[in-house]
J.: 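Questions regarding the structure given below will be posed in turn.
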Amino acid sequence: MSRRGENIYKRKDGRWEGRILRQNGKYQYLYAKSYREVKEKMKYFHENKVEKKQFKNLSKASELFDLWLKGDVSHQVKPSTYESYHSCMHKYVIPFFQKNENAQITVDSVRAFVRLIRENTSIGEASRKKILTIFKIALKEILKDLPMSHSILELVQFPKIEEKEVQVFSMKEQRMIEHAALNREDKRAIGIVLCFYTGIRLGELCALKWSDIDTESGTMSITRTVSRTRNFEDGKNKTVLFVGTPKSKKSMRRIPLPTFLLKVVRENRIGYINENHYIFSGKNVPVDPRYYQKLFKRMLLESKIPERKFHAIRHTFATRALELGVDIKTLSEILGHSNVSITLNVYAHSLMEHKRAAIDKFNTIYLMNKDKASFTVNSTVQKVSNI
């Protein structure tokens, strides 16, 4: 319900949403986990309008990037996303533009920065693309409505990333991990089995509550995710656990559960079942994703399985689904990908096996038809000779 005259609403996912009407007639949306927080953000936004007027008057590029980072973007994106923005700007962008020769945003300075990042082989391919993506987002906002914006933005070309084959566990390795998880004294390990048969992300696993499991329909709802992010507030812990919405709108989904999995999860519950408690902590506070990463690493070591990232479980689920003949659209929806093309690109290696199987069927058809044709011809010849 909204508070009168304040344009503040409580959403279905539990978060509070504040709406501010801009001069162009469009709404600016601000989010927080409490009414008080979103109200403070709205107050900050209104007060910061003075700074926004000064925005275009600043000449130093480093100041412009810093102001962009501290302004709207800090309230518009998720904490985990803002952490990436902050790291990129303070590690690469701002230091580069603090140099006298790069003090302004010009064609030459932007071209030089793009070249520097693209040619820096000490940074991984994916990281280079990420840095340039964030840099372009910042430039687009800073140069908005300026005549030179288009020509400068065109200079930010992303490097082509060579697609790498995803890490997948063999069937034997999967069975060994499942056995270790099911027989572990720490019942939280059951979450690893759940990931193997649903493909959910680590943050989504940690954010599961008992209210997300519908035993009648045999489905599980994914409506939130947990992440550990940097705390930018002074005098507090360096990092905090943040419960927010999943990666994208398509990540808000319902997944059917295998019957055996429902039984396993309920039989290995932590404490008693409380609709508002997180499944794998048994409390109203979620499990830290770092716990699962450490547990998973330990289990691989104990089972003498080569180390892989926790995300390899998700890749394994997708690969198994394709092996079982699950169509790509269904798989994409179960995984919560924003579009089918992502699924196609990530699991191209598995789809090749599908293509081979399809072509083998054509081979079988050819051989069957060839035999029939041969039989028909021989029969005809026999009849002619008899006449």
J.: For the hydrophobic clusters of this structure (ILVMFWY residues joined by side-chain heavy atoms under 4.5 Å, transitively), does one cluster hold both Phe260 and Ile200?
T.: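 Per the 4.5 Å side-chain linkage, Phe260 and Ile200 are co-clustered.
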J.: What heavy-atom pair brings Leu300 and Pro306 nearest, and what distance separates the two atoms?
T.: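 Between these two residues, the closest heavy atoms are CD1-O, 4.0 Å.
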J.: Tell me whether Tyr291 is reachable from Val240 by hopping between hydrophobic residues (I, L, V, M, F, W, Y) whose side-chain heavy atoms are closer than 4.5 Å.
T.: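 No.
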J.: Could you report the tightest heavy-atom contact between Arg253 and Glu204, atom names first, then the distance?
T.: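 Shortest heavy-atom separation between Arg253 and Glu204 comes out as NH2-OE1, 2.9 Å.
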J.: Could you tell me whether a side-chain N or O of Asn345 sits under 3.5 Å from a main-chain N or O of Ser341, the two making a donor and an acceptor?
T.: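 Side chain of Asn345 to backbone of Ser341, a donor-acceptor pair under 3.5 Å: yes, one is there.
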J.: Evaluate whether atom OH of Tyr272 has more than 12 neighbouring non-hydrogen atoms of other residues, nucleotides or ligands under 6.0 angstrom away.
T.: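 At most 12 heavy atoms, drawn from other residues, nucleotides or ligands, come within 6.0 Å of this atom.
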J.: What do you reckon, is CZ of Arg254 surrounded by more than 12 foreign heavy atoms closer than 6.0 Å?
T.: no
J.: Is there side-chain contact between Glu178 and Ile192, with at least one heavy-atom pair below 4.5 Å?
T.: no
J.: Heavy-atom count check: over 12 atoms from other residues, nucleotides or ligands less than 6.0 Å from His179 NE2?
T.: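 It does not: His179 NE2 has 12 such atoms or fewer within range.
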J.: Can you name the nearest heavy-atom pair linking Ile177 to Met299, along with the distance?
T.: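 Looking at all heavy atoms of both residues, the closest pair is O-CE, 3.6 Å.
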J.: Just do the side chain to side chain contact (heavy atoms under 4.5 Å, CB included) check on Thr316 and Glu173 with the steps written out, would you?
T.: CA-CA 11 Å; Thr316 302; Glu173 289 173 331; over 6 Å; no
J.: Between OH of Tyr29 and OH of Tyr9, what distance do you get to the nearest 0.5 Å?
T.: 9.5 Å
J.: Could you tell me the separation between the CG atom of Leu257 and the CG atom of Leu194, rounded to the nearest 0.5 Å?
T.: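 Rounded to the nearest 0.5 Å, the CG-CG separation comes out at 6.5 Å.
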J.: Any chance NZ of Lys250 has more than 12 other-residue heavy atoms, nucleotides or ligands included, within less than 6.0 Å?
T.: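 Atom NZ in Lys250 is not packed in, count stays at 12 or less.
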J.: In terms of heavy-atom contacts, does NZ of Lys130 have more than 12 from other residues, nucleotides or ligands at under 6.0 Å?
T.: no
J.: Parallel, tilted or perpendicular, judged at 30° and 60°: which one describes the rings of Phe135 and Phe65?
T.: tilted
J.: Are the side chains of Val156 and Phe158 in touch, meaning some heavy atoms are under 4.5 Å apart?
T.: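 Yes. Closest side-chain heavy atoms under 4.5 Å.
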J.: What verdict does the side chain to side chain contact (heavy atoms under 4.5 Å, CB included) test give for Ile279 and Ile273, after you've listed the backbone C-alpha separation in whole Å, the side-chain angles of each residue and the deciding distance to 0.1 Å?
T.: CA-CA 8 Å; Ile279 294 174; Ile273 295 177; over 6 Å; no
J.: Less than 6.0 Å separating the ring centroids of Phe169 and His315?
T.: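 Between Phe169 and His315, the centre distance exceeds or equals 6.0 Å.
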J.: Is Val340 reachable from Val166 through a run of hydrophobic residues whose side-chain heavy atoms are each under 4.5 Å from the next?
T.: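 Yes; Val340 is reachable from Val166 via cluster members.
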J.: Checking side-chain contact (heavy atoms from CB on, under 4.5 Å) between Lys187 and each of Asn268, Leu182, Val265, which is the one that passes?
T.: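 The single option meeting the side-chain contact (heavy atoms from CB on, under 4.5 Å) with Lys187 is Asn268.
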J.: Are Lys329 and Asp327 close enough, and set up right, to give a salt bridge (charged side-chain N to carboxylate O under 4.0 Å, His left out), and what steps lead you there?
T.: CA-CA 6 Å; Lys329 181 73 170 70; Asp327 68 272; over 6 Å; no
J.: Counting C-beta onward and ignoring hydrogens, is there a side-chain heavy-atom pair between Leu322 and Ile328 closer than 4.5 Å?
T.: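 Side chain of Leu322 against side chain of Ile328, heavy atoms only: contact under 4.5 Å found.
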J.: Quick one: pull up SG in Cys195 and CZ in Phe310 and give me the separation to the nearest 0.5 Å.
T.: 4.0 Å
J.: A side-chain contact here means heavy atoms from C-beta on lying under 4.5 Å apart; do Val226 and Pro289 qualify?
T.: yes
J.: For a quick test of reading the model, state the closest non-hydrogen atom pair linking Gly336 to Arg201 and the distance between them.
T.: O-NH2, 3.7 Å
J.: Within the structure provided, determine whether Ser109 and Phe97 are in side-chain contact (heavy-atom separation under 4.5 Å).
T.: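 They are in side-chain contact.
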J.: Any salt bridge linking Glu125 with Arg128? Criterion: basic side-chain nitrogen under 4.0 Å from a carboxylate oxygen.
T.: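 No salt bridge links Glu125 with Arg128.
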J.: Take Ser227 and Glu83 through the test side chain to side chain contact (heavy atoms under 4.5 Å, CB included) and record every step on the way to the result.
T.: CA-CA 11 Å; Ser227 58; Glu83 186 176 354; over 6 Å; no
J.: Do Phe242 and Phe280 sit in one hydrophobic cluster, given that two such residues count as connected whenever their side-chain heavy atoms are within less than 4.5 Å of each other, even indirectly?
T.: no
J.: Please tell me whether Thr223 and Ser221 have a donor and an acceptor in their side chains that are separated by less than 3.5 angstrom.
T.: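 On atom types as modelled, these side chains do not qualify, holding no pair under 3.5 Å.
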J.: Tell me yes or no: between the side chains of Ser338 and Ser248, is some donor less than 3.5 Å from an acceptor?
T.: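 Absent: no donor and acceptor within the cut-off.
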J.: Under the salt bridge (Lys or Arg N to Asp or Glu O under 4.0 Å) definition, can you give me all pairs with a residue in residues 209-219, not counting sequence neighbours?
T.: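 Sorted pair list: Asp212-Arg224.
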J.: Could you measure the distance from the NZ atom of Lys140 to the CD1 atom of Ile152? Nearest 0.5 Å is fine.
T.: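 These two atoms lie 14.5 Å from each other.
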J.: Would you please say whether a donor-acceptor pair under 3.5 Å links the side chains of Thr106 and Asp108?
T.: no
J.: Just how far is it from atom NZ of Lys283 to atom CD1 of Ile270, taken to the nearest 0.5 Å?
T.: 9.5 Å
J.: So Met220 and Leu261, do their side chains get closer than 4.5 Å, heavy atoms only?
T.: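 In short, these two side chains do not touch, never coming nearer than 4.5 Å.
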J.: Just checking Phe113 against Tyr92, ring centres under 6.0 Å apart?
T.: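 Not close enough - the centres of the two rings lie 6.0 Å or further apart.
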J.: Test side chain to side chain contact (heavy atoms under 4.5 Å, CB included) on Phe317 and Ile334 and set out the steps.
T.: CA-CA 10 Å; Phe317 165 80; Ile334 292 172; 3.8 Å; yes
J.: Does Glu17 come within less than 4.0 Å of Arg11, counting only side-chain N to carboxylate O?
T.: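 Judged by the 4.0 Å cut-off on N to carboxylate O distance, Glu17 and Arg11 do form a salt bridge.
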J.: Are Leu241 and Tyr82 connected in a single hydrophobic cluster, I mean Ile/Leu/Val/Met/Phe/Trp/Tyr linked by side-chain heavy atoms less than 4.5 Å apart?
T.: no
J.: Would you call Arg188 and Asp186 a salt bridge, taking side-chain N to carboxylate O under 4.0 Å as the test?
T.: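 Judged by the 4.0 Å cut-off on N to carboxylate O distance, Arg188 and Asp186 do form a salt bridge.
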J.: Does any non-hydrogen side-chain atom of Cys88 lie less than 4.5 Å from one of Thr133?
T.: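 No, their side chains stay 4.5 Å or more apart.
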J.: Are Arg230 and Ser87 close enough that a side-chain donor and a side-chain acceptor fall under 3.5 Å?
T.: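 Note: Arg230 and Ser87 side chains miss the donor-acceptor criterion.
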J.: Regarding Tyr278 and Asn276, is there a side-chain donor-to-acceptor distance under 3.5 Å anywhere?
T.: no
J.: Nearest 0.5 Å, please: how far is CD in Glu141 from CG in Leu64?
T.: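 Between Leu64 CG and Glu141 CD, I get 11.5 Å after rounding to 0.5 Å.
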J.: Could you tell me whether the side chain of Met171 reaches within less than 4.5 Å of the side chain of Glu323, counting heavy atoms only?
T.: no
